[in-house]
Structures are given as C-alpha cells and as structure tokens.
Amino acid sequence: MGARRDLLSGLLHGAADALPVSSSGHVAAAEALLGWHAEDTVGLHAGSLAAVVVAFHREAVAILRRLTWRRVGMHLAAGAIPAGLGYLLERTPRRPPLVLGMVTGAGLLVAADRRQGTRSRWDAGLADGVWLGLAQASALWPGVSRNGATLAAARLCGFAPAEANPLSREVGAPVTLGAVLLRRAPVTAGTAASFAGVLAALPLVRVSTPAAA
C-alpha cells in the first residue's frame with residue numbers, strides 16, 4: 001500500500017505542479033478521499049523540481065547569463081517573503097479550509113487572465129519581486145497553487161502572457177530548492193513518480209524559452 005500510495009501521489013503531484021493548480025492540495029484531497037495518511041510533499045517537490053531543471057535547462061542557462069543586480073534584488077524579495085512568512089505560519093496551528101484556497105486561487109487566475117500586459121520578464125525588478133514573493137507566500141494557504149499565484153501576480157503586474165509562465169518558474173525554483181535542502185527531502189518512489197508526472201503534463205502547458213543573451 002505504501003509504495004502504491006507514493007507512486008500515485010507522486011504522479012498526481014507532478015502533473016498538478018506543471019499546471020497552475022495546487023499540487024499539494026490535490027494530493028491532500030486525493031489522500032483524504034482514499035483514506036491514506038497525508039504525506040510530507042517535500043520529497044515530491046524534489047522530483048518536480050528536478051524535472052523542471054531537465055526540461056528547461058536552456059532557459060536556466062539563459063537566466064544565469066542575463067543575471068543583473070536588478071534581477072538579483074527581484075529574486076531576493078521573491079524568495080525572502082515566502083520563507084519569512086512560512087517560518088511564522090509554522091507556529092500557527094490553524095489553517096484555512098482547503099477548498100476555499102482552491103476556489104480563491106482559481107478566482108485570481110480568472111481575474112489575471114483579463115489583463116493583457118506587454119512587459120518582458122527581463123524587466124522584472126525589486127518591486128515585482130515583492131509582489132511575486134507575496135504571491136508565493138499565498139501558496140502557504142492550503143489549496144492555493146504557487147505556480148498559479150505567481151502567474152496571476154505576474155499578469156497583474158503587466159507582464160505579457162507568454163512571459164508570465166517562465167517568470168513563475170524562475171522565481172519558484174529557488175524557493176522550492178531551499179525547502180528541499182532545508183528539510184532534507186527523502187528520495188522515494190514518489191519522488192521519481194513526481195518527476196515523471198511533470199514531464200508527462202508539460203505538453204499541456206504553453207511554454208516559451210528565453211532567447212540567449
């Protein structure tokens with residue numbers, strides 16, 4: 001039962017993580033429906049992060065080549081805010097309802113999709129990092145997708161639709177890596193399944209790769 005649970009949870013987590021829906025929320029909902037014990041999803045996040053790095057390695061290289069102090073400031077804000085709020089919320093026993101988080105996240109995406117911005121992701125600066133950091137922190141609310149929240153924030157900040165997706169990946173990867181390293185995520189069957197789930201779901205996502213500098 002444990003191995004089958006890990007595989008199914010990993011596949012569901014990976015597929016959801018590639019889309020702007022809450023991966024942890026869907027795993028928690030599935031486990032509640034099936035009567036399984038809720039898993040720590042950090043190991044699953046490790047698998048999905050590895051898949052993103054493999055799938056978008058050229059994008060990562062382009063980001064490193066075009067790294068400026070402006071973008072460093074953006075990343076510091078986008079990463080520090082969810083890390084700080086996450087530390088505080090770990091000491092708060094109460095959590096909002098899962099379904100409410102999913103509905104709220106979906107509503108934000110619908111509202112953001114009406115905004116047709118024109119900004120390039122390479123223009124992102126410190127102020128954008130603050131908004132993106134707050135968006136990532138909202139994913140601490142069960143049911144809110146980090147990817148979906150950062151996509152919505154990027155669109156509301158005026159970034160073009162094709163620019164919001166890679167920007168969401170760019171600011172999300174360091175936060176996920178920090179959580180994986182901090183909690184020493186175990187490598188399990190679920191980690192491998194999450195890796196496979198992301199790669200399987202990526203064709204459903206309209207992606208773009210930044211041009212090299």
Side-chain angles (χ1 to χ4, degrees), residues 12-26 44-45 47-68 70-71 74-75 77-79 81-82 102 104-125 127-139 143-177 179 194-213:
L12 177 59
H13 182 279
D17 213 28
L19 304 171
V21 296
S22 174
S23 53
S24 300
H26 280 75
L44 305 185
H45 279 295
S48 61
L49 175 62
V52 168
V53 171
V54 170
F56 298 102
H57 61 280
R58 292 182 180 177
E59 185 175 291
V61 171
I63 289 169
L64 291 175
R65 285 178 175 174
R66 301 183 66 162
L67 197 62
T68 63
R70 175 184 174 84
R71 294 183 67 78
M74 182 270 291
H75 275 288
I81 291 174
M102 289 183 170
T104 302
L108 286 173
L109 280 173
V110 170
D113 197 48
R114 297 175 181 273
R115 178 74 182 271
Q116 296 297 321
T118 59
R119 295 180 62 193
S120 166
R121 59 189 173 278
W122 304 116
D123 294 335
D128 299 305
V130 170
W131 286 111
L132 293 169
L134 289 172
Q136 293 201 98
S138 71
V144 175
S145 164
R146 183 209 55 78
N147 184 24
T150 51
L151 276 173
R155 293 290 298 276
L156 292 172
C157 286
F159 290 95
E163 302 291 288
N165 221 336
L167 182 59
S168 174
R169 288 193 296 269
E170 181 180 349
V171 299
V175 174
T176 303
L177 178 61
S194 180
F195 180 94
V198 170
L199 296 182
L202 279 178
L204 301 176
V205 183
R206 190 191 323 179
V207 297
S208 60
T209 303

- Query: Can you list the residues that meet the side-chain contact (heavy atoms from CB on, under 4.5 Å) rule with Ala51, with sequence neighbours excluded?
  - Reply: Phe195, Val198, Leu199
- Mind listing the closest non-hydrogen atom pair of Ser23 and Asp17 along with its distance? OG-OD1, 3.3 Å
- Note on the structure: Heavy-atom closest pair (Pro161 atom, Gly117 atom, distance to 0.1 Å) is CD-O, 3.9 Å
- Item | Gap separating the CZ atom of Arg115 from the CZ atom of Phe159, nearest 0.5 angstrom | 10.5 Å
- Task: Give, for atom OG1 of Thr150 and atom CG of Leu132, the distance between the pair rounded to the nearest 0.5 Å.
- Result: 7.0 Å
- Value for CE (Met74) from OG1 (Thr68), rounded to nearest 0.5 Å, stands at 8.5 Å
- Query: Considering only heavy atoms from C-beta outward, does the side chain of Arg155 approach that of Leu109 to under 4.5 Å?
  - Reply: no
- Item | SB check Asp128 Arg119 (cutoff 4.0 Å) | yes
- Note, Glu170 side chain near Arg71 side chain (heavy atom, < 4.5 Å): yes
- Between CD1 of Ile63 and CG of Leu167, what distance do you get to the nearest 0.5 Å? 8.5 Å
- Task: Calculate, to the nearest 0.5 Å, the distance between atoms CG and CG belonging to Asp113 and Leu108 respectively.
- Result: 12.5 Å
- Item | Main-chain N/O of Ala164 paired to Ser168 side chain as donor or acceptor, under 3.5 Å | no
- Item | Which atom of Ala162 lies closest to which atom of Arg121, heavy atoms considered | O-NH1, 4.3 Å
- Query: Regarding Arg169 and the six-membered ring of Phe56, is the cationic atom NZ or CZ under 6.0 Å from the ring centre and inside 45° of its axis?
  - Reply: yes
- Message: How close do Leu202 and Ala55 get, counting heavy atoms only, and between which atoms?
- Response: CD1-CB, 3.5 Å
- Query: Can you tell if the side chain of Pro82 reaches within under 4.5 Å of the side chain of Arg146, non-hydrogen atoms only?
  - Reply: no
- Test item: His45 and Ser194 side chains (from C-beta on) under 4.5 Å apart, heavy atoms: no
- Excluding sequence neighbours, so at least two apart, what forms side-chain contact (heavy atoms from CB on, under 4.5 Å) with Ser145? Ser22, Asn147
- Task: Mind checking the CG-CZ spacing from Leu156 to Arg114? Nearest 0.5 Å is all I need.
- Result: 12.0 Å
